[in-house]
Amino acid sequence: MNEKLKELDRNREDSTDQFLTTNQGLRVSDDQNSLKAGSRGPTLLEDFILREKITHFDHERIPERVVHARGVAAHGIFEAYDSNTDLSRAHFLQPGVKTPVFTRFSTVAGSRGSTDLARDVRGFAVKFYTEEGVFDLVGNNMPVFFIQDAIKFPDLIHAVKPEPNNEIPQAASAHDTFWDFISVTPESMHMIMWVMSDRAIPRSLRMMEGFGVHTFRLINKEGKARFVKFHWKPMLGVHSVVWDEAQLISGRDPDFHRRDLWDAIENGDFAEWELGVQVVEEEDEHKFDFDLLDSTKLIPEELVPVVPLGKMTLNRNPDNYFAETEQVAFHLGHLVPGIDFTNDPLLQGRLFSYTDTQLKRLGGPNFHEIPINRSVAPVHNNQRDGHMRQEINKGQTSYSPNKIAGGCPFQAGQDMSGFTSYAERVDGQKIRERSESFVDHYNQAKLFWNSQSDTEKTHIVKALRFELGKVKMEDIRKRMLVQLVQVDQTLANLVAQGLGLDLPSSKDVQLNLGVPADADPAKYQSKPARDDVGSSQALSIESHPGKQGIKTRQVAVLAADGVKAADLKAMKDALTAEGAMVKLIAPRLGMLKPDSGEAMKIDGSLQTEASVLYDAVYVPGGKASADALLQESDAIRFVREAFQHCKPIAASGEGVELLKTTASSGAEKLLESDGVVTSTETGGSDLPEKFIKAMKQHRFWSREKSLV
Ligand code: HDE
């Protein structure tokens, strides 16, 4: 048990074998009937037990987060690698140091009760409980952001949230106000490419990258500072679902990601990421064709590779959602010596917002005392009082300097882990202006587009057709086409075709309405993307390393009574040996009678399960089983959907008949499709091996119509 978990024990409550009491510790003999004047008479005001219970209930809700309201979190540990000691003096980055963490993932736009599978950015916020105080790395699963300056954040969020007159739509960017804003905010185009890509619909929170987004500084023991970009790389690789699947999951299981993380941790399949940094020497600050302070830009990994610093393992689910996941309060300004900020104007604005929002959400200045937010490093200062103060500060003084308390608490010098801000030289006129080095909005959008495989490009085009297709005002669609032309002609063309619109003829249009009243618009106008921006492999999911394994992948086995036990056993054993999770799904719940041997427990019925909740499907042999499934339209839909979503499918013996029935254009064609593996023989068959090989590929995009 790590330091933080031990510390949380102070606040854990367990009612096992205990009496029911009021909040004052009074044992209650009847918690089911209120105190009345006669058994059919009015309830008495005197009933303090009723009043306490109802009052507490009435006050249970707190405001949800204004963004990132829907989230899920887990405890874990971060262990620093033995390398790179020279980069930062932060204690938690020193070789072998293990630090407790609490990590919260979230969607951005939806309310607390919205679906996990919205097309959206995912928050990736990690709280490190270090020996030198709390350090929060509050990132996203995309390395860039929509806007360059924090002052635009309320506008962006107002545009993407449900529209204010009718509060429609929930957890979706596919509506007029979002695209109206984007169509006149060209700096968002790089981020738009990410959000329209499959990165916005992850297969699992355990299978997505994380990014600190802004450029930060690491400072070593000698005081040498370097610029860095933080990266989290998932050990399971990066995987996504397809958009049709995402929409279906939202109905079948809106808690899909939350459940996936919870179940994996409960099963002992701990989620792991490697933390790394891209390092830029101070003297190289201006050697790029973009500004390191501009959060709409990334540093291509081909230019600056990611250096691994350590590994995070999430290995324990919270005990209580509200106490931990809801009340955790992240803030970029929770910092430790050895790490510091830059002047990125998005970062600087965030430094104000996070504490401010906690004051509203958690109700006062003592939110750092809530157990999940408490530092494991001791806290001593002269801050006092406020709502719900927990700490009982002893002594006569609450000010500094003092003599009465011998000057305590003392200030700490750098040699005592005292924090000092990096002494960056700053010199400038006080001015509301965007740096000219920020005025390039399309080159990296094109870099992203160029780096995608044809399948990934097809998905981006389809996403834009969907999103803009949901927009009602045609002039917004047209303005978006003008924006897309600046990025790439083919992309714009394909989107225009889907919208039934002509492509705008000129690239030279004034697009940016975010120009200050007295400024020269030309100074704010980005040029279209250059033709020679090239590509970067790290930006494509398909070329991402770590695709090999099938560990924790969910496999549905469709069967009914009479299923061939030998088929099922051979497949189950092989898949389980590779770490996959096998679920037996039948027309009904209860026990399944195979053709031989013992009855088997059914994990789910065709009514409770759906193919979109699984990564792959297997239909074993056995005539009675196959015949029974052929009578079930849900079984046929199960396989058909898995095929449409390009998933691996296997069948043996009579199970192949079910596959044939699901074919929409010829059974033979289906059986020959990539990722469909079948076998007529039982025992000694190499079907499990072939199926595992197929599953390692994740998806078979050749089944999908390519648009590019
Ligand atoms: Fe946030 N953001 N943000 N954000 N953000 C919040 O803080 C804000 C931005 C991110 O799991 C809020 O406690 C401003 C970028 C995550 O609890 C709020 C700006 C990135 C989370 C806030 C940004 C993020 C938040 C709402 C523009 C990626 C969830 C509730 C300058 C690097 C943390 C809260 C959790 C949450 C403000 C932009 C990540 C209102 C003003 C860029 C992961 O303070």
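Every number for a ligand or one of its atoms is a count from 1 in the order of the listing.
- In summary, the aromatic rings of Phe216 and Phe227 are positioned with their centroids too far apart to meet the 6.0 Å limit.
- Distance check, rounded to the nearest 0.5 Å: CG of Leu335 to CD of Glu132 gives 10.5 Å.
- Checked against the 6.0 Å centroid criterion, the rings of Phe92 and Phe135 qualify as a close aromatic pair.
- Counting atoms of ligand 1 from 1 in the listed order, those under 4.0 Å from a heavy atom of Ala150 are 31 (C).
- Classification of the Phe211-His231 ring pair by plane angle, with boundaries at 30° and 60°, yields perpendicular.
- Atom CG of Asp120 is separated from atom CZ of Arg199 by 15.5 Å, given to the nearest 0.5 angstrom.
- Closest to atom 25 (C) of ligand 1, if we only count protein heavy atoms, is His68 CD2, 3.2 Å.
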Inset, instruction - Determine, step by step, whether Glu266 and Asn317 satisfy the side-chain hydrogen bond (donor to acceptor under 3.5 Å, both in side chains) criterion, reporting the C-alpha distance in whole Å, the side-chain angles of both residues, the deciding distance to 0.1 Å, and the verdict. - result: CA-CA 7 Å; Glu266 291 300 299; Asn317 283 313; 2.8 Å; yes
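- Annotation: cation-pi pair Lys311/Tyr81 absent, no NZ/CZ under 6.0 Å from the ring centroid and within 45° of its normal.
- Near Gly212, with a cut-off below 4.0 Å to any heavy atom, the atoms of ligand 1 are 32 (C).
- Note that the CG atom of Leu347 and the CG atom of Asp149 stand 12.0 Å from one another [nearest 0.5 Å].
- With rounding to the nearest 0.5 Å, the separation of CG in Leu464 from CE in Met480 is 6.5 Å.
- With His75 as the partner, the side chain to side chain donor-acceptor pair (under 3.5 Å) test is satisfied by one option alone out of Lys127, Lys4, Arg316, Glu324: Glu324.
- The distance from ligand 1 to the heavy atoms of Phe330 drops below 4.0 Å at these ligand atoms: 11 (O), 17 (O), 33 (C), 35 (C).
- Taking only nitrogen or oxygen atoms, main chain and side chain alike, Asn140 does not reach within less than 3.5 Å of ligand 1.
- Annotation: atom 43 (C) of ligand 1 to nearest protein heavy atom, Gly139 O, 3.1 Å.
- Both the backbone and the side chain of Val138 come within 4.0 Å of ligand 1, judged by heavy-atom distances.
- Interface atoms of ligand 1 facing Arg65, defined by a heavy-atom separation under 4.0 Å, are 17 (O), 30 (C), 35 (C).
- With respect to atom 9 (C) of ligand 1, the closest heavy atom belonging to the protein is Arg350 NE, 3.3 Å.
- Contacts between Val213 and ligand 1 below 4.0 angstrom, taking non-hydrogen atoms only, involve the side chain exclusively.
- Counting heavy atoms closer than 4.0 Å to ligand 1, residue Gln358 contributes side-chain atoms (C-beta onward) but none from N, CA, C or O.
- Residue, atom and distance of the protein heavy atom nearest to atom 2 (N) of ligand 1 are Tyr354 OH, 2.8 Å.
- Ring-centre distance between Trp262 and Phe256: not below the 6.0 Å cut-off.
- With a 4.0 Å cut-off on non-hydrogen atoms, Phe124 touches ligand 1 through its backbone and not its side chain.
- Annotation: atom 8 (C) of ligand 1 to nearest protein heavy atom, Phe153 CE2, 3.4 Å.
- Shortest contact from atom 11 (O) of ligand 1 to any protein heavy atom: Arg104 NH1, 2.7 Å.
- Shown in contact with Val66 at under 4.0 Å from a heavy atom are these atoms of ligand 1, numbered in order with element: 40 (C).
- Counting protein heavy atoms only, atom 34 (C) of ligand 1 is closest to Thr357 CG2, 3.4 Å.
- Scanning the protein for heavy atoms near atom 18 (C) of ligand 1, the closest one is Ser353 OG, 3.7 Å.
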